[in-house]
Amino acid sequence: MSEPSIFTRILEGEIPSEIIAETDNVFAIRDIAPQAPVHLLVIPKTPEYRNVVELAAGDPALLTEMIGLANSLAAEHADGDFRLIFNTGAGAGQTVFHVHAHVLAGGLAEGSLGG
Ligand code: 5GP
């Protein structure tokens with residue numbers, strides 16, 4: 001078994017971080033290093049999937065649940081519009097290999113990718 005991910009340790013209360021929302025299978029926290037006025041992470045409770053490609057292949061309903069929670073959080077914490085990012089692979093900036101969605105919202109830049 002590999003070491004528990006940082007997100008599992010947060011979920012289990014070993015590392016302090018407020019859980020701002022949760023469903024049966026998914027939870028959300030604030031990113032410790034925000035890149036937007038609202039920057040949340042939506043994370044499956046299971047550590048089984050390393051990235052969104054594995055998740056989509058293995059449990060598409062869980063991916064749908066993540067997107068639903070992202071949508072609710074964007075409405076609660078911003079104006080409802082949001083950008084959803086799944087870094088996939090170290091070369092794309094992924095540092096935690098427990099799949100998670102970055103939810104960016106609130107006064108994002110004009111460019112299509114935020115430039
Ligand atoms: P990745 O780079 O894998 O796409 O995203 C990992 C994210 O987790 C980063 O944006 C990073 O700031 C965030 N992060 C890393 N450690 C912690 C932590 O201990 N608490 C919180 N709230 N976020 C963290």
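Keep in mind that the numbers below use all heavy atoms, side chains included, and drop hydrogens, waters and symmetry copies. Order of listing sets the numbers, starting from 1, for every ligand and every atom in it. Computed from a predicted structure; not experimentally measured. Index from 1, following the sequence.
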Requested in this report: For the pair H98 (side chain) and T46 (backbone), establish whether a donor and an acceptor sit closer than 3.5 Å, ignoring hydrogens and angles.
Outcome: yes
Query - Electrostatic pair K45-E22, nearest N-O below 4.0 angstrom - result: yes
Requested in this report: Determine yes or no for a side-chain-to-main-chain donor-acceptor pair under 3.5 angstrom, with Q94 supplying the side chain and N51 the backbone.
Outcome: no
Requested in this report: Classify the contact between F86 and ligand 1 as side chain, backbone, both or neither, using a heavy-atom distance cut-off of under 4.0 Å.
Outcome: neither
**Report entry** Proximity of I85 to ligand 1 by residue part, where a heavy atom lies under 4.0 Å
**Finding:** neither
Query raised in the report: Side-chain contact, heavy-atom cut-off 4.5 Å: L41 with F7?
Result: yes
Report task. Return a yes/no value for T95: is any of its N or O atoms, backbone included, closer than 3.5 angstrom to an N or O of ligand 1? Result -> yes
Query raised in the report: Is Q35 in contact with ligand 1, taking contact as a heavy-atom separation below 4.0 Å?
Result: no
Report task. State, yes or no, whether a side-chain contact exists between I67 and N71 at a heavy-atom distance under 4.5 Å. Result -> no
Query raised in the report: Looking only at heavy atoms, is any part of N87 under 4.0 Å from ligand 1, and if so is it the side chain, the backbone, or both, or is it neither?
Result: side chain
Query - Minimum non-hydrogen distance to atom 14 (N) of ligand 1, winning option of T88, N51, I32, I29 - result: I32
**Report entry** Close-contact set for ligand 1 against S17 heavy atoms, below 4.0 Å
**Finding:** 22 (N)
**Report entry** Any N or O of V96 closer than 3.5 Å to N or O of ligand 1
**Finding:** yes
Query raised in the report: Does an N or O from H39, backbone or side chain, lie closer than 3.5 Å to an N or O of ligand 1?
Result: no
Requested in this report: Output yes when a side-chain donor or acceptor of T88 lies under 3.5 Å from a complementary backbone atom of F86, and no otherwise.
Outcome: yes
**Report entry** Distance-only N or O hit between ligand 1 and L41, under 3.5 Å
**Finding:** no
Requested in this report: Any atoms of ligand 1 less than 4.0 Å from a non-hydrogen atom of I6? List them with their elements.
Outcome: 16 (N), 19 (O)
Query raised in the report: Using heavy atoms and a threshold below 4.0 Å, how should the contact between R30 and ligand 1 be classified: side chain, backbone, both, or neither?
Result: backbone
Requested in this report: Output the list of atoms in ligand 1 that are nearer than 4.0 Å to some heavy atom of A33, sorted by atom number.
Outcome: 12 (O)
